[in-house]
Amino acid sequence: MKVMKFGGTSVGKPERMHDVATLITRDNEEKIVVLSALSGTTNSLVEIGAAMANGDRAAAKQVIDKLDAHYQTFISNLLATEEAQTKCRAIIAEHFEFLNIILKISFNEALNKDILAQGELMSTKMFSCYLEEKGINHMLLPALDFMTIDSYEEPQIGSIKVKLSQLLNQNKDKKIFITQGYISRNARGEVDNLKRGGSDYSASLIGAAINASVCEIWTDIDGMHNNDPRIVKKTVAIEQLSFDEAAELAYFGAKILHPASIWPAQHYKIPVKLLNTMQPDAKGTLITEEAGSVGVKAVAAKDGITAIKIKSSRMLLAYGFLRKVFEVFEKYRTSIDMITTSEVAVSLTIDNSTHLDEIIRELEPFGTVELDKDQAIVSIVGNEIGKTEHILSKLFESIADIPVRMVSYGGSPHNVSLLVPASYKTQTLQILNKGIFGLD
Ligand code: ASP
Ligand code: MG
């Protein structure tokens, strides 16, 4: 049995949804198809929640009406017969009735989660209507019946496994199951979610739970590329990556795979394939335990990084200094990404500066604290990078004119990271494309 996940753009237009139906019926393997909400819908639902939280019901109502109109047009183009359209409109109307009812009741966080869940509930139901019209035998599997998270918001893989296998056993005659990505039920039994972009995570968890032959993530690019196609002219798709390499890249918002979705697949040894709905026969990228080959595979960058330097002569020959520094970050639940140290100073980076002021205040007693905002991490990712011939000389020669703020090498055999001012991000990615991959 396999998992096929389609993201928002893959279901975002009626004709794309038609393509998804073709893709899931190309082979006879049993499958669970995981869908995101139509592209743009979750953003609108976030807007509705935000307007409600501000007490601005008129603004919320406006977004709801606009969304409703969008779904009406979508249904007209998705389904051919009057009969199928009428049935589908009635199903979708229930969701808009719900959204209109919440306008009248008092708003809270639990209700917000209910609002956010409407996107995936609607996309899967509409897709099911289309499959039904086409006479494609399938079953809608409500994610809220099996996808659960605990009180730390961590997925309960054991219980997901049990519930899902029960549901599948009760429906042995079915070969195609459709379910919602993103949404889940929390420890209080309320509707919740796996955070923005979480449909990949759902797919990977489902893959792990059913011990899938493969977890296919279908998007609109042919896999992971060696560099950012929006920034450099020429990029190539990466054929094979290990989970460790994929994890390094996922952090950089190589947007095609959500970072959290890596561990379930890695832990349960489920191969992941990144595929392109527009070019279904292209190879895409295979992610498995093995890296496939030695060498550098990609460069990636992330901006919005803040570097913090703590300088203190008390650090000299002292022990326990770093622990005290790290505890401050732990207290504010802020994760540290890059770190470099000298005998008297430590520099580290964070990408979430929500608690920056408090963090700095608590670091100040340890020494002089300096900040560099608007930085970017540029990372070179591959397998056994250190064993790649002349990699460091190639790297440093290429970046001779870039004012590098930090370098991190040796943290893992899969990564060399540079911290540069964000204004140099584009240039750095471009020169590395030439210097390391020989591409323009
Ligand atoms: N619909 C959700 C979002 O936009 C989940 C997803 O698409 O992965 O974040
Ligand atoms: Mg997505």
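Order of listing sets the numbers, starting from 1, for every ligand and every atom in it. Side chains included, hydrogens not; waters and symmetry mates left out as well; all remaining heavy atoms used.
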Q: Hey, would you say the F177 and H138 ring centroids sit under 6.0 Å apart?
A: no
Q: I'd like to know whether ligand 1 has G181 as a neighbour, heavy-atom separation below 4.0 Å.
A: no
Q: Between D145 and K163, does the salt bridge (charged side-chain N to carboxylate O under 4.0 Å, His left out) criterion hold? Intermediate values first, please.
A: CA-CA 8 Å; D145 288 353; K163 288 189 177 136; over 6 Å; no
Q: Do the side chains of K297 and E245 get close enough for a salt bridge, i.e. N-O under 4.0 angstrom?
A: yes
Q: If you take the nearest heavy atom of each of S202, S123, S199, G119, which one is closest to atom 8 (O) of ligand 1?
A: S199
Q: Using a 4.0 Å heavy-atom cut-off, say whether E120 meets ligand 1 through its side chain, its backbone, both or neither.
A: side chain
Q: Is there any N or O on T42 that sits under 3.5 Å from an N or O of ligand 1?
A: yes
Q: Where does the angle between the aromatic ring planes of W263 and Y201 fall among parallel (under 30°), tilted (30 to 60°) and perpendicular (over 60°)?
A: perpendicular
Q: Begin with the C-alpha distance, continue with both residues' side-chain angles, and end with the deciding distance and a verdict on side chain to side chain donor-acceptor pair (under 3.5 Å) for K125 and H95.
A: CA-CA 11 Å; K125 289 184 186 177; H95 293 273; 3.0 Å; yes
Q: May I ask you to check whether G197 has an N/O atom sitting below 3.5 Å from an N/O atom of ligand 1?
A: yes
Q: Can you sort out which atoms of ligand 1 are near S36, meaning under 4.0 Å from one of its heavy atoms?
A: 6 (C), 7 (O), 8 (O)
Q: Of L141, V34, V20, V33, which meets side-chain contact (heavy atoms from CB on, under 4.5 Å) against I178?
A: V33
Q: Would you say R196 has any N or O atom under 3.5 Å from an N or O of ligand 1, going by distance alone?
A: yes
